[in-house]
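All of these numbers come straight from a predicted model, not from anything done at the bench.
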Amino acid sequence: MIHTELKAVRQFQRRKIQVERELDDLKENLRNTERIHQETLRRLESRFFEEKVQIIRVNLKCFVY
């Protein structure tokens, strides 16, 4: 009976290590995804701003002439 419990504890320890590794991998993937998302968001915001400025310039030229 003690051997069975010891075997169960060892299996639990192995599974715990495996789950912790999987969790670390998921956390790392989440950090990478968040970083990529932030970079994409900054790029899109910048592009939006540039296009908005371009539209304002075009509209101002129309009013000047």
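One distance of note links OG1 of Thr40 with CD of Glu45; it measures 11.0 Å at 0.5 Å rounding. To the nearest 0.5 Å, atoms CG (Leu23) and CG (Leu30) are separated by 10.5 Å. The CG atom of Asn59 sits 7.5 Å away from atom CD1 of Ile55, with the distance rounded to the nearest 0.5 Å. Here the CZ-CD distance, from Arg15 to Gln11, works out to 11.5 Å after rounding to the nearest 0.5 Å. Note that CG of Leu41 and CD1 of Ile36 are 13.5 Å apart. Values are rounded to the nearest 0.5 Å.
Counting heavy atoms from C-beta on, the side chains of Arg35 and Asn32 come closer than 4.5 Å. Using a 4.5 Å heavy-atom threshold, the side chains of Arg14 and Gln18 count as separate.
Contact check on Glu39 versus Arg42 returns no salt bridge, with no Lys/Arg side-chain nitrogen under 4.0 Å from an Asp/Glu carboxylate oxygen. A salt bridge between Lys16 and Glu20 is present, with a side-chain N of the basic residue lying under 4.0 Å from a carboxylate O of the acidic one.
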Does the pair Gln54 and Glu50 meet the rule for a side chain to side chain contact (heavy atoms under 4.5 Å, CB included), with working shown?
CA-CA 6 Å; Gln54 184 67 24; Glu50 289 170 6; over 6 Å; no
Let's go through Gln38 and Glu34 carefully: what are the C-alpha distance in whole Å and the side-chain angles of both, what is the deciding distance for side chain to side chain donor-acceptor pair (under 3.5 Å) to 0.1 Å, and is it a yes or a no?
CA-CA 6 Å; Gln38 290 299 324; Glu34 178 65 21; 2.9 Å; yes
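Within a 6.0 Å radius of CZ in Arg10, no more than 12 heavy atoms belonging to other residues, nucleotides or ligands are found.
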